[in-house]
Amino acid sequence: MAFSESAQEPAAPYGGAASSPKRVRIRHFQQAKRDGVKIVGLTSYDYLSAGIFDRAGIDFLLVGDSAGNTVFGYDTTLPVTVDELIPLTRAVARGARRALVVADLPFGSYETNPREAVHTAIRFMKETGAHAVKLEGGERSAEQIRHIVEAGIPVMAHVGFTPQAEHGLGGHVIQGRGEEGAEKLLRDAKAVEAAGAFAVVLEMVPSESARAVTEALTIPTISVGAGPHCDGQLLVWTDWAGFTTGRIPRFVKQYAQIGKDLEDAANAFREDVSSGAYPAPEHEYE
Ligand code: KIV
């Protein structure tokens, strides 16, 4: 979508790198839903990947607590802490010129009460340069969302399968199935909308349930394995780029195989050093 010539700020920065270097704001999420323009997000955990995704016109970068798995090597997202995520978020914010940067609040940093939630959200905003925070939970997190939004901090909500609650949910189980599941999903989504969230992630829910939620809400829905009817799509970049080792969720389409490329490169380097092929004369100083 094109820039408005007269406005100081772009009317709509959507449409990728070619259309706009200006910062994506939460109002553009609203505008994208209204205009039927899809919102595109990836996770990012460092400066270099953030810069690459930003230049490619990805609209928002989520510094997900999935860093617990992808950066720190934990089995689940539960152990990752605020102190571990803050430096990653700061690096991503430094790398992103256009994309909206969203900081994920980790497990144990917001559930106890709204005061704790506001305190954690303020830490991320003050110490990282992020533009918004994300937290998990529908009705159960509505009070937290309301208080964070009242403090002036935009909140992206997250319902359906919520990995921080994976033990309570009985593992990696699709949510929002059947009449009861679909009704609970809708209740959760409406609760976070009423609490002031500017967007809501729907993770691992049937596409028809996601469609019903998307049609019922005025804020955009962002799919993570929730099918094509949502207002945007988000993937964990290491899954999407073939960097993750181990199980990749079925809903992921892989756009690269950088894990294999890196392994091949490391093997080639080792062989070149062993054989003396590296360094060659052109790599030497006189
Ligand atoms: O941490 C994360 O990457 C997430 C997305 C999968 C929604 O929460």
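Because only heavy atoms are used, hydrogens play no part in the values below, and waters and symmetry mates are left out as well, while side chains stay in. Note that ligands are numbered from 1 as they come in the structure, with each ligand's atoms numbered from 1 the same way. Being a predicted model, the structure only gives us computed values, none of them experimental.
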Participant: How far is atom 3 (O) of ligand 1 from the closest protein heavy atom, and which atom is that?
Facilitator: S66 OG, 2.5 Å

Participant: With a sphere of 6.0 Å drawn around CZ of F243, does it hold more than 12 non-hydrogen atoms of other residues, nucleotides or ligands?
Facilitator: no

Participant: Can you confirm, on distance only, whether ligand 1 has an N/O atom lying under 3.5 Å from any N/O atom belonging to E203?
Facilitator: no

Participant: Around atom CZ of R115, are there more than 12 heavy atoms from other residues, nucleotides or ligands closer than 6.0 Å?
Facilitator: no

Participant: Answer yes or no: does an N/O atom from Y45 fall short of 3.5 Å to an N/O atom of ligand 1?
Facilitator: no

Participant: Provide the number and element of each atom of ligand 1 under 4.0 Å from a heavy atom of V236.
Facilitator: 3 (O), 6 (C)

Participant: Counting from 1, what ligand 1 atoms have a heavy atom of G64 closer than 4.0 Å?
Facilitator: 1 (O), 2 (C), 3 (O)

Participant: Counting from 1, what ligand 1 atoms have a heavy atom of L234 closer than 4.0 Å?
Facilitator: 7 (C)

Participant: Please work out which of the three classes, parallel, tilted or perpendicular, describes the rings of F53 and W240, given edges at 30° and 60°.
Facilitator: perpendicular

Participant: If you have a sec, work out which protein heavy atom is nearest atom 5 (C) of ligand 1 and how many Å separate them, to one decimal?
Facilitator: L62 CD2, 3.7 Å

Participant: Does atom CD of E179 have more than 12 heavy-atom neighbours from other groups under 6.0 Å away?
Facilitator: no

Participant: Salt bridge or not between R123 and D83? Use side-chain N to carboxylate O under 4.0 Å.
Facilitator: yes

Participant: For K134, take its heavy atoms, then give the atoms of ligand 1 lying under 4.0 Å from any of them.
Facilitator: 8 (O)

Participant: Does CD belonging to E286 count more than 12 external heavy atoms closer than 6.0 Å?
Facilitator: no

Participant: Please answer: with hydrophobic residues joined when any side-chain heavy atoms are less than 4.5 Å apart, are V71 and F107 in the same cluster?
Facilitator: no

Participant: So does E127 have more than 12 non-hydrogen atoms from other groups sitting under 6.0 Å from CD?
Facilitator: yes

Participant: At less than 4.0 angstrom from any non-hydrogen atom of T43, what atoms of ligand 1 do you find?
Facilitator: 3 (O)

Participant: Side chain or backbone of E136 under 4.0 Å from ligand 1, or both, or neither, by non-hydrogen atoms?
Facilitator: neither

Participant: In ligand 1, which numbered atoms sit nearer than 4.0 Å to a non-hydrogen atom of H158?
Facilitator: 7 (C), 8 (O)

